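One structure below.
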2 protein chains.
Amino acid sequence: MNNNQRRSDCPISCSLDVWGDKWSLLIIRDLMFAKQCTYGDFLKSGEGISTNILASRLQAMEENGLIEKLSHPDSKAKVLYRLTQKGIDLLPVMLEISVWAEKYYDIDKDRKVVVKEYKKDKEGFLKASLKELKKV
Amino acid sequence: MNNNQRRSDCPISCSLDVWGDKWSLLIIRDLMFAKQCTYGDFLKSGEGISTNILASRLQAMEENGLIEKLSHPDSKAKVLYRLTQKGIDLLPVMLEISVWAEKYYDIDKDRKVVVKEYKKDKEGFLKASLKELKKV
DNA sequence: ATTTGCACTTGCAATATGCAAGTAAATTTC
DNA sequence: GAAATTTACTTGCATATTGCAAGTGCAAAT
């Protein structure tokens, strides 16, 4: 799949090597909103990722330390995915992407509210959200 | 190529539809640093984009209003590419990506300096950089 | 008039994606 | 307790995208 060679030591390039595709950040998004997700939860997301791509992205992101697998308390058949600290640290990136998209595209109204709150007091919003994400 | 269908009205998804691949943000990066670039300048960048991919990305980003083409003052054979306001507005995204990468990867020391400056006073740094980018 | 530089295009092989169907273990249902 | 269902994947194959190398056409320099 994705061999883990860096293309350069540019931070943008490094980042794209890790999550620069059409799906990885959507998985991260789901985890940021829901905190924990099962494989099936990701499949249910609106964009319709196909199951083989989902499996390959989850594996790559686990190998790159963005997410981790946990055993589900309810059942051995289920797996819980969760963000690591490295994954949680993508929050500011996700929020700035949202701010940009909100300026130029029609986006979901719930997310518009988040953007508005964030813009009002970026540092404060980040601090509170990070605290919340780290909780579990 | 890239048909311009939205996958959903999620801001992350919208954004990825526009620049979510391994190359677009590197082109944006070059333009943010150099302000103006020719086709040949992009080809010379460290990551080694191939010429057909470069052409397709430039076209897509022009169609999506991130960049624009200008005639080169020196020669009719040359073309200058420049960021539009929409492209310039990706600056906070680029900076937060850099902050993330700087935390987890070994990055170029010049970029480390930029990250350090940005983190010291985000709003101030942004304001100054935006002003500088809009100048030309 | 010929060569060089610049911005692309084209052809083709290699890789990645998307869809549909399949598998294996764990759980639920009868 | 056997059979059906749920869950997390894997496999096969068609299609789309990428990457490499070579080619084209116009402008400018020699």
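Values below: all heavy atoms of this structure, side chains included; hydrogens, waters and symmetry mates excluded. Everything numeric in this text was worked out from a predicted model, so none of it was measured.
Once rounded to the nearest 0.5 Å, the distance linking CZ of A/Arg111 with CG of B/Asp9 reads 9.0 Å.
Phosphate proximity of D/dC9 to A/Thr51: absent, as no side-chain N or O sits under 4.0 Å from OP1 or OP2. Using a 4.0 Å cut-off, no side-chain N or O of B/Lys76 falls inside it from OP1 or OP2 of C/dG5. A/Trp23 has a side-chain polar atom (N or O) that falls below the 4.0 Å cut-off from OP1 or OP2 of C/dG18. For the pair A/Lys22 and D/dA16, the criterion of a side-chain N or O lying under 4.0 Å from OP1 or OP2 is not met.
Atom pair B/Glu62:CD and C/dC8:C1' shows a separation of 13 Å (rounding to whole Å applied). When rounded to the nearest whole Å, the span between CG of A/Asp41 and P of D/dC9 equals 13 Å. Rounding to whole angstrom units, CG of residue A/Leu54 and P of C/dA16 are separated by 18 Å. Spacing between atom CD1 of A/Ile49 and atom C1' of D/dA8 amounts to 14 Å, rounded to whole angstrom units. Here C/dT17 presents its C1' atom at 16 Å from CD of A/Glu47, a figure rounded to the nearest Å. Regarding B/Gln59, its CD atom lies at a distance of 7 Å from the P atom of C/dT9, rounded to whole Å. A/Lys78 places its NZ atom 12 Å from the C1' atom of C/dT28, with the value rounded to the nearest Å. At whole-Å resolution of the value, CZ in A/Arg57 and P in D/dT10 are 14 Å apart.
Proximity note for A/Val79 (side chain, C-beta onward) versus C/dT9, C/dC6, D/dA8: the nearest is D/dA8. Minimum atom distance to the side chain of B/Ala55 is reached by C/dC8, of the listed C/dC8, D/dT7, D/dT18. Picking from C/dC8, D/dG19, C/dA26 the nucleotide with the shortest atom distance to the side chain of A/Ala77 gives C/dA26. In this structure, of C/dC6, C/dC8, D/dC9, it is D/dC9 that holds the atom nearest to the side chain of A/Tyr81. Distances from the side chain of A/Asn52 to the nucleotides D/dT18, C/dG11, C/dG18 place C/dG18 closest.
Counting heavy atoms from C-beta on, the side chains of A/Ser8 and B/Leu26 never come closer than 4.5 Å. Between A/Leu54 and A/Leu58, some side-chain heavy-atom pair lies under the 4.5 Å cut-off.
At a threshold of 4.0 Å, the pair A/Glu68-A/Lys86 does not count as salt-bridged, since none of the basic side-chain nitrogens sits closer than that to a carboxylate oxygen.
For A/Phe42, the ring pair (Phe, Tyr, Trp, His ring centres under 6.0 Å) partners at least two apart in sequence or on another chain are A/Tyr81.
The residue among A/Ile53 and A/Asp74 whose nearest nucleotide of DNA chain C lies closer to the 5′ end is A/Ile53.
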